[in-house]
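Take a look at the structure set out below.
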Amino acid sequence: MGFMKDFEDVMAAVSFAEAGEFDTAREMLGEGSPVTDKILDVRRGAVLSLDDLTSMAITFAEAGEHEKALEILTEAEQLLQRLKSNSMKKLSPARRKLMGT
């Protein structure tokens, strides 16, 4: 199937979780389910912002998929560290010294 169909399936699972239908969302996001595979495909095919990653982690946590939520939050933390590192590289040496780094 195409990317848009995969994305729609993922968003359906998100909608169930947001509506408090955690069992349904958990069922859709269960290990090895087509939706879980599609979520991974969507994540690989898109550049996600910190907000996107945080929202995904919350959705997984609400659906009882705590390990997946932690994995996504770890990815968000790594992204934040890369952004911080890139920002620091752009600062002049004098500015970095003032900031204590």
Side-chain angles (χ1 to χ4, degrees):
M1 293 270 166
F3 177 82
M4 287 307 295
K5 174 66 175 136
D6 292 347
F7 186 73
E8 288 171 8
D9 291 346
V10 168
M11 294 312 296
V14 168
S15 296
F16 278 105
E18 289 177 341
E21 296 290 332
F22 303 120
D23 290 335
T24 303
R26 189 176 296 117
E27 195 174 291
M28 294 175 80
L29 298 173
E31 193 64 40
S33 77
V35 173
T36 301
D37 294 339
K38 290 175 185 177
I39 289 171
L40 295 174
D41 289 342
V42 168
R43 284 180 55 203
R44 284 185 208 107
V47 176
L48 300 176
S49 71
L50 287 172
D51 288 342
D52 296 330
L53 291 169
T54 303
S55 295
M56 287 177 67
I58 290 168
T59 299
F60 273 103
E62 288 175 340
E65 297 290 334
H66 300 114
E67 288 182 26
K68 288 182 179 120
L70 181 58
E71 179 185 321
I72 293 168
L73 286 175
T74 300
E75 184 179 335
E77 182 180 29
Q78 291 169 351
L79 174 60
L80 186 58
Q81 289 298 325
R82 283 192 307 271
L83 291 171
K84 181 181 175 185
S85 176
N86 290 342
S87 294
M88 292 305 292
K89 289 176 185 174
K90 293 179 182 178
L91 293 176
S92 69
R95 180 77 131 176
R96 283 190 292 240
K97 186 175 181 180
L98 285 174
M99 295 178 70
T101 58

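Nothing here was measured: the structure is a model prediction, and the numbers come from that model.
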Nearest-0.5 Å distance, CE of residue M56 to NZ of residue K68: 11.0 Å
Given the rule that I, L, V, M, F, W and Y join up when any side-chain heavy atoms are under 4.5 Å apart, are I58 and F16 in one cluster? no
Do the side chains of L80 and I72 join up, straight or via other hydrophobic residues, at under 4.5 Å, putting them in one cluster? yes
Listed by chain and number, what are the side chain to side chain contact (heavy atoms under 4.5 Å, CB included) partners of Q78, not counting sequence neighbours? T74, R82
Looking at every heavy atom in both A69 and A57, which two are closest together, and how far apart are they? CB-O, 3.3 Å
How close do L53 and A76 get, heavy atom to heavy atom, and via which atoms? CD1-CA, 3.7 Å
